[in-house]
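Counting starts at 1 for both ligands and their atoms, following the listed order. Everything numeric here is computed off the predicted structure, so don't read it as measured data.
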Amino acid sequence: MANTKSPSDSTPMTRRQFHKSLAWTSIALGAAAPSARRVLGANDRLRLGVIGCGSRGGAHMDLLMKMREQGEPVDITAVCDTYRPRLQRAANFTKAAFATMLHEELLARPDIDVVLIATPEHWHGYQTIDAMRAGKDVYVEKPLTHWRQLGLAEEVARVSQETGRLVQVGCQRMSSSAYTQAKALIQKGLIGKPVMAETGYFRFGDWGERGMPIDDPQARPGPDLDWERFQGDCPRREFHVSRYFRWRMYSETAGGPVSDNYIHFYNPLAYTLDLGYPTKVCGLGGIYRYTLAEAPDPEYKQERDVPDTCNLVIEYPDHFIVTCAGTQANAYTTYGSNETPIIRGWDGTLLIGGREILVLRSDDGREIHREPIQTGIDQNKFWADFLACCRTRQQPLSNAALSAPVNTTMQMGVLAVRGERVVRYDHERKLVIA
Ligand SMILES: NC(=O)c1ccc[n+]([C@@H]2O[C@H](COP(=O)([O-])OP(=O)(O)OC[C@H]3O[C@@H](n4cnc5c(N)ncnc54)[C@H](O)[C@@H]3O)[C@@H](O)[C@H]2O)c1
C-alpha cells in the first residue's frame with residue numbers, strides 16, 4: 001500500500017483521524033458483514049442506493065430508471081444528499097422508500113446491494129470504503145479520491161480485495177471495446193516495444209462559474225444544507241454558497257482538469273498498457289483562461305483556484321513515457337476523438353480514433369493494420385456490465401486495482417502543476433515523495 005504522507009495532514013485532522021471520528025463508521029461496520037449478504041442469481045433484482053443527487057447523480061438516476069423500464073432488474077431504494085431540495089427531488093423522482101442527509105444511515109440499511117457515489121471528489125474514497133465495509137458493491141464517480149488524499153485509493157483497493165466487494169470507477173470510456181482491442185494488438189507485438197504515449201483532453205467551458213448552477217443563492221447551512229458534512233476532511237471555512245454548489249473550482253474540494261478529466265483517458269490507457277505506478281511526474285499549467293476578470297458574477301469574485309490548463313509528462317520504469325496535454329479553453333482535437341491516444345512503439349504507432357484503430361509503421365508511417373472499434377462508449381452498457389458483475393461477482397474492468405495507480409498518478413500530476421516541479425514515486429517504499 002502506498003504511504004499516506006499527505007498534504008491533508010496539515011489540515012486540522014489527518015485523514016485517519018477524520019475517518020475514525022465519524023461515529024457512523026461503526027454503524028456501517030455493524031451492518032456490514034459481507035457474509036450476511038444475499039447470494040444473487042443472474043436475474044435477481046438489485047437494490048441500489050444513491051449518495052449524491054446533484055447533476056451527475058441525477059443523470060445516473062435518470063438512466064437507471066430508463067433501464068429499469070426497459071427490463072433491467074434494478075430498483076433505487078434509497079437516496080442521500082446533504083442538500084435537502086435535491087434529496088427531495090431525487091426521492092420524488094425515484095420513489096425511493098428512504099431518504100437521508102447522512103450516508104451512514106443509507107449504508108446501514110440491509111435492503112441495499114449496490115451504492116452509487118456521485119458526491120464531490122473529496123468524499124469518494126471515504127464513502128467507497130464505508131460502503132464496502134457495509135457489504136455493498138460500489139459504482140463511484142471519478143476520481144477515486146481527492147488529490148490531497150495520498151494513499152486513500154490504495155486503501156480502497158485493499159478494502160475491495162479484503163471484503164470481496166466490487167468497485168467500478170466511473171470512467172465510462174472503459175465501456176468501449178477499443179482498449180481491449182488495442183491491448184491485444186500491442187500484446188501481439190504489432191508496435192514492438194511501447195516507448196511513449198500521447199494523450200490530450202481538450203474542452204471548451206469553465207465547468208464552474210457558468211457550468212455549475214447555484215440552485216438557490218440564498219441557501220444557508222441549517223436543516224436543509226449540511227455544510228459541516230459537506231466539508232468532510234477540508235480545513236474549516238465560513239459557509240460560501242459558491243464553494244458549496246460550485247465545488248469544482250476550489251482545490252480543497254477538487255483537483256481541476258487533471259483529476260477531473262484526464263483520468264477519463266488515463267484509466268483506459270493504464271488498462272491498455274498495464275501501466276502501474278510511474279517514477280516521475282512533472283507538470284506546468286495554471287489559470288490561463290478563466291481568470292477573475294472572466295468571472296460572470298462580481299458577487300462571487302473570490303472564484304476558482306484550480307487551473308484550467310495543465311500539461312504533464314509522466315515517466316515509467318522500463319523506458320516508457322506519457323505526455324498529457326489539455327486545456328478547458330479550446331476543444332479542437334485531431335483524429336476524430338476528443339482524447340486521441342497515440343501509442344508509439346519501436347516498430348509501429350497505434351492510434352485509437354472515434355471509430356477505428358489504426359497501426360502505422362514507426363519509420364515511414366505506412367499502414368500495417370486497421371480495424372473497426374466493435375463497441376463504442378456507452379454509459380448504459382457500462383451500468384449494465386457493472387450490474388451483471390454484481391450478480392456474477394466478476395471484477396469490472398474499471399476496478400479499484402486498476403484505478404488506484406491511475407489515481408495516484410493524477411494526484412502526482414496535480415501536485416506537480418501546483419508546485420511547478422517533478423514529483424517522484426518511490427517504488428521500493430511504495431509512496432509518493434510529495
Ligand atoms: N463520469 C463523468 O462523465 C462525470 C460527469 C460529470 C460529473 N462526474 C463526477 O460526478 C461527481 C459529482 O459531480 P456533480 O457534477 O454531480 O456535482 P454536484 O455538485 O452537482 O452534485 C454533488 C451532490 O453531492 C451532494 N453532497 C456533497 N457532499 C455530500 C456528502 N458528504 N454526502 C451526500 N451528499 C453530498 C451535494 O449536495 C450535491 O447535490 C464528481 O466526482 C464529478 O467528477 C462525472
Aromatic ring centroids of Trp123 and His103 under 6.0 Å? yes
Using ring centroids (six-membered ring only for Trp), state whether Trp383 and His60 fall under 6.0 Å. yes
Is the ring pair Phe245/Tyr83 parallel, tilted or perpendicular, if the boundaries are 30 and 60 degrees? perpendicular
Please identify which atoms of ligand 1 are closer than 4.0 Å to at least one heavy atom of [X].
{"X": "Asp81", "value": "23 (C), 24 (O), 25 (C), 33 (C), 34 (N), 36 (C), 37 (O), 38 (C), 39 (O)"}
{"X": "Phe230", "value": "27 (C), 28 (N)"}
{"X": "Gly52", "value": "24 (O)"}
{"X": "Tyr83", "value": "37 (O)"}
{"X": "Arg248", "value": "6 (C), 7 (C), 8 (N), 15 (O), 42 (C), 43 (O)"}
{"X": "Tyr244", "value": "36 (C), 37 (O)"}
{"X": "His124", "value": "41 (O)"}
{"X": "Gln127", "value": "30 (C), 31 (N), 32 (N)"}

Looking at [atom], what's its closest protein heavy atom, distance included?
{"atom": "atom 14 (P) of ligand 1", "answer": "Arg56 N, 3.9 Å"}
{"atom": "atom 44 (C) of ligand 1", "answer": "Glu141 OE1, 3.1 Å"}
{"atom": "atom 18 (P) of ligand 1", "answer": "Trp247 NE1, 3.8 Å"}
{"atom": "atom 21 (O) of ligand 1", "answer": "Gly54 CA, 3.4 Å"}
{"atom": "atom 12 (C) of ligand 1", "answer": "Ala118 O, 3.3 Å"}
{"atom": "atom 29 (C) of ligand 1", "answer": "Thr82 OG1, 3.4 Å"}

Under a 4.0 Å heavy-atom limit, does Met101 contact ligand 1 with its side chain, its backbone, both, or neither?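 No part of Met101 is near ligand 1 at this cut-off.
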Proximity of Arg86 to ligand 1 by residue part, where a heavy atom lies under 4.0 Å: side chain
Please determine whether ring-ring contact (aromatic ring centres under 6.0 Å, His included) holds for the pair Phe230 and Tyr244, giving the CA-CA distance in whole Å, both sets of side-chain angles, and the decisive distance to 0.1 Å. CA-CA 8 Å; Phe230 170 87; Tyr244 187 88; 4.5 Å; yes
Looking at [Y] and [X], is there a salt bridge between them, counting it only when a charged N and a carboxylate O are closer than 4.0 Å?
{"X": "Arg236", "Y": "Glu228", "value": "yes"}
{"X": "Arg344", "Y": "Glu198", "value": "yes"}
{"X": "Lys136", "Y": "Asp130", "value": "no"}

Measure across Gln379 and Leu63 and return the closest heavy-atom pair with its distance rounded to 0.1 Å. CG-CD1, 3.6 Å
Over all atoms of both residues, closest heavy-atom pair of Leu397 and Leu402: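 Residues Leu397 and Leu402, closest heavy atoms: O-CD2, 3.6 Å.
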